[in-house]
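First the structure, in the form of structure tokens, and then the observations on it.
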Protein chains: 2
Amino acid sequence: MKDTDDKLTNRNIKPTAMRELVLDILTEQKMAISLSDLEQKFHKSDKVTLYRTLKTFEEKKLIHSIDDGTGAVKYALCKESCQCHPEDLHVHFFCLKCQHTFCLSDIPIPSINLPVNFSIENINMVVKGVCSSCND
Amino acid sequence: MKDTDDKLTNRNIKPTAMRELVLDILTEQKMAISLSDLEQKFHKSDKVTLYRTLKTFEEKKLIHSIDDGTGAVKYALCKESCQCHPEDLHVHFFCLKCQHTFCLSDIPIPSINLPVNFSIENINMVVKGVCSSCND
DNA sequence: AAGTTTATGCAACTGAGTTGCAAACTAATC
DNA sequence: GATTAGTTTGCAACTCAGTTGCATAAACTT
Ligand SMILES: [Mn+2]
Ligand SMILES: [Mn+2]
Ligand SMILES: [Zn+2]
Ligand SMILES: [Zn+2]
């Protein structure tokens, strides 16, 4: 898995076996997953190690986190070029039927005119509704 | 407190002593507060009663909830006319310095062009940064 | 190889949110 | 006013995501 390895080193993350496994799983996902989702993809695993792996990945901007209001933060891969600046961010969607959280990677978060003297560092925008698969 | 009383009955909430107290506290706040914030405004109180009070208020659209990513959901009063429809919603702001969460009641959530077949029921948009008071 | 740093695994804890149940209270009926 | 039925409140106990501490293991450094 030289590719996985590179993705890690490119983000200044030491490529351990554990981290490669986690990155591979994250790469496979079509939707954002939570820590406990991730835990269940292993037969035997330690929640804390996975927790710290996700923290490291997020810190190094390999993944981003989504607070979708379900009580469990979800994670999804960032694009190669992503620096998680406000301009880089996209809208997320939580489907009330299938309970899945998706990146709407093509929909940038619209810019907001904040009141004077407010400065901005980050935005979390989650739309809730029914996804196309569930809208038959 | 006939006014408080009316606000409750207008939303079809039976005006008990407890609920009037909670509504009064919520009315006083300049920022959104969490369940435990609310709990601390009482000398002696029961978290569960406050929890259920907030749930009732939210259900009846007297208040709305804000998931600001801090791990504790915040609550703030709705406007008299609010029905909590997507058009009624506004942006929220979380200050990374003072850790306060504000309603930016004057800033409506911009409308989003979702992919085909996605339907929308609700939006949570939280901007994080530094508020005007903290930006001296 | 010895020493140093970093990653992993296990146990134990925190804190938000939630449920069940019994007592208190309120409203409706007789 | 007493009886009943429905609603609200208070207490205990629980769930579950997230987190910390610490000991061991593995990876680099000299
Ligand atoms: Mn995303
Ligand atoms: Mn608000
Ligand atoms: Zn769906
Ligand atoms: Zn501030």
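Chain A is the first sequence line, chain B the second, and so forth, proteins listed ahead of strands; every chain is numbered from 1. What you are looking at is a predicted structure, and each value in this text was computed from that prediction instead of being measured. Heavy-atom basis, side chains included; hydrogens, waters and symmetry copies ignored.
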| message | Using OP1 and OP2 only, check whether a side-chain N or O of A:K55 sits under 4.0 Å from C:dT8. | response | no

key: D:dA27 phosphate, OP1 or OP2, under 4.0 Å from A:T16 side-chain N/O   =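 So the side chain of A:T16 is outside the cut-off, no N or O lying under 4.0 Å from OP1 or OP2 of D:dA27.
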
Without decimals, in angstroms, what is the distance between [X] [atom1] and [N] [atom2]?
| X | N | atom1 | atom2 | answer |
| --- | --- | --- | --- | --- |
| A:E39 | C:dT8 | CD | P | 15 Å |
| B:L21 | D:dG10 | CG | P | 10 Å |
| B:F57 | D:dT9 | CZ | C1' | 14 Å |
| B:E59 | D:dT7 | CD | P | 13 Å |
| A:L38 | D:dC16 | CG | C1' | 17 Å |
| A:L50 | D:dC16 | CG | C1' | 16 Å |
| B:E20 | D:dT9 | CD | P | 11 Å |
| A:D46 | D:dT19 | CG | P | 15 Å |

Judged by nearest nucleotide, the residue sitting upstream toward the 5' end of DNA chain D, B:K47 or B:R19, is B:R19

- request: Using modelled atom types only, decide if a donor and an acceptor are shared between the side chain of B:S36 and the backbone of B:E39 within a distance under 3.5 Å.
  value: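 It does not hold such a pair.
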
Exercise: do A:T70 and A:K74 side chains pair donor with acceptor under 3.5 Å =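 The answer is yes; a qualifying pair exists.
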
Would you say the side chains of B:D37 and B:S34 form a donor-acceptor pair under 3.5 Å?
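Yes, side-chain donor-acceptor contact under 3.5 Å.
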
Rounded to the nearest 0.5 Å, how far apart are [atom1] of [X] and [atom2] of [Y]?
| X | Y | atom1 | atom2 | result |
| --- | --- | --- | --- | --- |
| B:I112 | A:L104 | CD1 | CG | 8.5 Å |
| A:K60 | A:K14 | NZ | NZ | 10.5 Å |
| A:H64 | A:E58 | NE2 | CD | 9.5 Å |
| B:N124 | A:D68 | CG | CG | 10.0 Å |

Exercise for review: Pick base, sugar-phosphate or nothing for A:S34, based on heavy-atom distances below 4.0 Å to the nucleic acid.
Suggested key: nothing

Atom pairs under 3.5 Å: protein N/O with N/O of nucleotides 19-29 of chain C:
unit_1	atom_1	unit_2	atom_2	d
C:dG20	O6	B:R52	NH2	3.1

